[in-house]
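The next block holds one structure in the form of structure tokens; read it before the comments.
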Amino acid sequence: MASDASESNSVTGVVYFGVININEGHRNLGSVDIWRSVVTKEFFCEEKRIGALDISDKIGLHRIGKNKKWAIAVNRKRRGTNRWKLVELDGKGLQRFTDSDDESVVEINSESFNIVDSDWWSFLIERNVNRTVDVTQDHSGNAPR
């Protein structure tokens, strides 16, 4: 019986693709390591938070749905290491993720793979590979007025 690679958790032909450094001013808060499949072009990501000794909730090359994209969710009201979170964003609609600060469930709306919320904003991994992103400024285009 043949198996469909897209339904499997196994990944082959994956190479290290780059990194995104997450800064707050001149202080580094962590980074996201990015791998990419040379066959399917899909991304695999792992967050690395400065000062965090806990193991990430997603170990290894975690596969996300075809209708989702990797993104960084940033809390507008918080400062420091727990201000950001690696998330899987849907193109549109209500979705949930676990807050890295207090482990509570956060509900946000997304449009065009951007968080639209008064407390959170986001940026896509695929548009920021090998860059440093300063999260003191909202880069989403959805800043509250």
Side-chain angles (χ1 to χ4, degrees), residues 3-117 119-143:
S3 66
D4 181 4
S6 65
E7 297 298 322
S8 167
N9 277 337
S10 66
V11 291
T12 57
V14 175
V15 296
Y16 186 77
F17 192 65
V19 66
I20 298 175
N21 291 305
I22 312 295
N23 284 7
E24 188 175 65
H26 296 289
R27 182 175 159 230
N28 183 264
L29 302 178
S31 63
V32 175
D33 283 336
I34 305 152
W35 291 267
R36 190 170 188 191
S37 168
V38 294
V39 176
T40 65
K41 306 299 184 213
E42 67 185 310
F43 288 103
F44 302 92
C45 299
E46 179 183 28
E47 70 180 40
K48 297 196 175 178
R49 194 175 301 281
I50 297 293
L53 300 177
D54 297 337
I55 295 175
S56 174
D57 55 346
K58 293 179 177 69
I59 297 174
L61 299 176
H62 177 71
R63 177 172 271 132
I64 62 174
K66 290 184 179 184
N67 298 327
K68 294 185 177 192
K69 293 187 178 189
W70 288 107
I72 299 294
V74 182
N75 189 298
R76 287 186 167 103
K77 298 178 180 177
R78 196 176 296 144
R79 298 290 176 258
T81 302
N82 288 328
R83 181 178 193 180
W84 66 279
K85 173 85 175 167
L86 177 66
V87 297
E88 306 165 21
L89 271 186
D90 287 320
K92 183 175 179 142
L94 180 70
Q95 62 185 94
R96 295 172 182 85
F97 62 88
T98 304
D99 191 334
S100 57
D101 185 38
D102 61 6
E103 300 298 318
S104 63
V105 175
V106 175
E107 287 190 356
I108 54 93
N109 280 306
S110 66
E111 285 183 19
S112 301
F113 296 102
N114 281 307
I115 292 177
V116 180
D117 187 87
D119 292 335
W120 293 85
W121 63 276
S122 64
F123 61 91
L124 291 176
I125 294 294
E126 65 189 37
R127 293 185 187 153
N128 291 282
V129 177
N130 292 327
R131 293 187 179 163
T132 297
V133 177
D134 185 344
V135 296
T136 55
Q137 298 176 348
D138 185 331
H139 300 281
S140 70
N142 298 323

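Basis for what follows: all heavy atoms, side chains included, without hydrogens, waters or symmetry-related copies. This chain uses plain numbering: 1 for the first residue, then up along the sequence.
The aromatic ring centres of Trp35 and Phe17 sit 6.0 Å or more apart.
A salt bridge links Lys77 and Asp119; the closest N-O separation between the charged side-chain nitrogens and carboxylate oxygens is under 4.0 Å. For Asp102 and Arg78, the salt-bridge test fails: no basic side-chain N is under 4.0 Å from an acidic carboxylate O.
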TODO: Verify side-chain contact (heavy atoms from CB on, under 4.5 Å) between Arg27 and Thr81, making sure each step is shown before the conclusion.
DONE: CA-CA 10 Å; Arg27 182 175 159 230; Thr81 302; 3.8 Å; yes
Task: Evaluation steps, side-chain contact (heavy atoms from CB on, under 4.5 Å), between Ile20 and Ile72 - done: CA-CA 10 Å; Ile20 298 175; Ile72 299 294; 5.6 Å; no
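Take Asn130 and apply the side-chain hydrogen bond (donor to acceptor under 3.5 Å, both in side chains) test, not counting sequence neighbours, and it matches no residue. In this structure, the side chain to side chain contact (heavy atoms under 4.5 Å, CB included) partners of Ala71, at least two apart in sequence or on a different chain, are Val87, Leu89, Leu124. Qualifying salt bridge (Lys or Arg N to Asp or Glu O under 4.0 Å) partners for Glu103, counting only residues two or more places apart in sequence or in other chains: none. For Lys48, the salt bridge (Lys or Arg N to Asp or Glu O under 4.0 Å) partners are Asp33, not counting sequence neighbours. Remark: Arg36 pairs with no residue by the salt bridge (Lys or Arg N to Asp or Glu O under 4.0 Å) rule, at least two apart or across chains.
Among residues at least two apart or in separate chains, salt bridge (Lys or Arg N to Asp or Glu O under 4.0 Å) pairs with a member in residues 123-135 are Lys69-Glu126.
A donor-acceptor pair is defined here as one N or O able to donate and one able to accept, closer than 3.5 Å; no such pair exists between the side chain of Ser112 and the backbone of Asn114.
With values rounded to the nearest 0.5 angstrom, Asn75 atom CG is found 11.0 Å from Trp121 atom CH2. Expressed to the nearest 0.5 Å, how far CD1 of Ile115 lies from CD of Glu111 amounts to 12.0 Å.
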